[in-house]
Amino acid sequence: MPELPEVETVRRGLQAQVQGRRITAVEVGRERTVRRTSRQALIDGLTGATITAVNRRGKYLLCPLDTGDELMMHLRMSGRLLVAAAGTERPPHTHVVMHLAGEPAQELWFVDPRTFGEVVVFDPANLANELPELAKMGVDPITDGLTRDQFARLLRTRSRQIKALLLDQHVVAGIGNIYCDEALHLAGVRWDRPSDKVTPREITRLHAAIMQVLHDAIEAGGSTLADTQYVGVDGEGGWFQLHHRVYDRAGQRCLTCNRANIVKAAVAGRGTHWCPRCQR
DNA sequence: AAACAAACCTGTGCGC
DNA sequence: TGCGCACAGGTTTGTT
C-alpha cells in the first residue's frame, strides 16, 4: 500500500504530533510485528525514550531516540500509524501501542491487518548487521535528491526491464507499483524496455516524471484507494488517486491520447497498467 | 544476472 | 443474500 508519498505524509504527521515527546509505556499485542527482535526488546528500547526526530528513507520511517538508539517502522502492505486520544477504543489489528507523555494524553498506534509491517528499535552504529536492507538502500529521490545524470547512470549500470529496476529499492528507494506505472506513463516509456536502451531524451522525461509524480502525490497527501487502507496519522485519506492516469484504470480511455484504452497485465505477479499508444 | 513464482497474512470485491 | 475465489500499495527467498 504505502509508497514514498504516503510514507512521507505519515512522516510529516508524526513530526508534528510525536517529535519531541517521551514514550512512557509500550504495549505489544501480536509479536509478529516485532519479529525482527522481540516484544521485550521493543518495550525495553522505547520505554522512557524521547523521539527526537522523524525521518524517512524510501518507505522506511526512522525515528532517532535520545537513548542513541533508533526506532524503525515499516508499513509494508497494510500498516497504518494513528495518533489518538489515550483510552480511545482501538481498531482491530492494533499490534503496538506507544503511550506519549504530555498533554493531551495520546497514544501512537501501529495497526496492521496483514502483519507484513514491522516495528523495531536498533542501534544505528550497527546498521549493517541489524537492518542490512536499509544499509544497502538506493537513493531516495526526495530525501537525498536525484539528478537526471545520476539517474541516467543507474539505468546504464545494468540491463533490466525498466519497471523492475524502478521498483528495486536498492537502486531507487521509495517508488512502488502505483507511482512506477504513473511515472512510466507520464514519460511515455513502456514497462518492459531494457533499462540500458532507454534513450537520453527518454531518460530526461522519465526522471522529470518520477520527480513530478512523487512531488504532486506528496502535495495531495498520497493515494487512498477504495479500500481506504492508507490514511495519515489523523485518519484522513489522500486524494492523489483522483489524478491517477493509468493505475486502476484498466479498460478506460487514456486521458492523454484520448484514443487507446488502458491495458492491465500481470508482470512478475504485479498488476501493470499502461497505454499501448502513448508508451513505447 | 535477470526474471519469475511463491511466501508471508487478512480483508474486500467480484462473479455465480 | 451467500459462497468461493482472485487479488491487493511490499519485500524476501528460492528456482529457473
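Since the structure is predicted, the reported quantities are computational estimates derived from the model, not experimental observations. The chains referred to below are lettered A, B, ... by the order of the sequence lines, with proteins before strands, and numbering in each begins at 1.
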### Task
Whole angstrom is fine here: how far is it from CD in A/Glu118 over to P in C/dT12?
9 Å

### Query
Between C/dG10, C/dC7, B/dA2, which nucleotide gets closest to the side-chain atoms of A/Glu3?
C/dG10

### Task
For A/Lys264, answer base if it contacts any base atom (sugar-phosphate contacts may also be present), sugar-phosphate if it contacts only those atoms, and nothing otherwise; contact means non-hydrogen atoms under 4.0 Å.
sugar-phosphate

### Nearest-angstrom distance, C1' atom, B/dA6 to C/dA6
16 Å

### Query
A/Tyr179 has an atom OH; how far is it from atom P of C/dG10, in whole Å?
10 Å

### Task
Rounded to the nearest angstrom, tell me the gap between atom CG in A/Leu131 and atom P in C/dG10.
19 Å

### Query
Choosing from B/dC4, B/dA2, C/dG10, which nucleotide comes nearest the side chain of A/Val267?
B/dC4

### Query
From A/Ser223 OG over to A/Glu6 CD, what is the distance, rounded to the nearest 0.5 angstrom?
5.0 Å

### Query
When every nucleotide of nucleotides 8-14 of chain B is labelled 5' to 3' by its protein contacts under 4.0 Å (heavy atoms), B for base, S for sugar-phosphate only, - for none, what sequence of letters results?
BBBS---

#### Entry: Gap between atoms CE and C1', on A/Met137 and C/dT11 respectively (whole Å)
10 Å

### Query
Considering only the P atoms, how many Å lie between C/dA8 and B/dC4, rounded to the nearest integer?
16 Å

### Message
Do A/Arg76 and A/Lys59 make a side-chain contact, defined as non-hydrogen atoms from C-beta onward lying under 4.5 Å apart?
### Response
no

### Residue A/Tyr247, side-chain atoms from C-beta onward, closest of B/dC4, C/dT11, C/dA8
C/dA8

### Query
When you compare C/dC7 with B/dA5, how far apart are their P atoms, in angstrom units rounded to a whole number?
12 Å

### Message
Let me spell it out: for each of A/His273 and A/Glu133, pick the nucleotide of DNA chain C with the closest heavy atom. Which residue's pick is nearer the 5' end?
### Response
A/His273

### Query
Which distance, rounded to the nearest 0.5 Å, do you find between the CD of A/Glu130 and the CG of A/Asp69?
8.0 Å

### Task
Give a yes/no answer on whether the side chain of A/Gln161 brings an N or O atom under 4.0 Å of OP1 or OP2 in B/dC4.
yes

### Message
When both hydrogen-bonding distances must be under 3.5 Å and the geometry is Watson-Crick or G-U wobble, what is C/dG14 paired with, if anything?
### Response
B/dC4

#### Entry: Below 4.0 Å: OP1/OP2 of C/dG10 and any side-chain N or O of A/His74
no

### Query
Without hydrogens or angle criteria, can the side chains of A/Trp109 and A/Glu107 be said to hold a donor-acceptor pair below 3.5 Å?
yes

### Message
Less than 3.5 Å apart, any donor N or O on the side chain of A/Arg245 or A/Thr256 sitting next to an acceptor on the other?
### Response
yes

## Note on the structure
In this structure, CG of A/Asn55 is separated from CD of A/Gln15 (nearest 0.5 Å) by 8.0 Å

### Query
C/dT11 P sits how many Å from A/Met77 CE, rounded?
10 Å

### Query
Between A/Arg12 and A/Glu8, is there a side-chain N and carboxylate O pair less than 4.0 Å apart?
yes

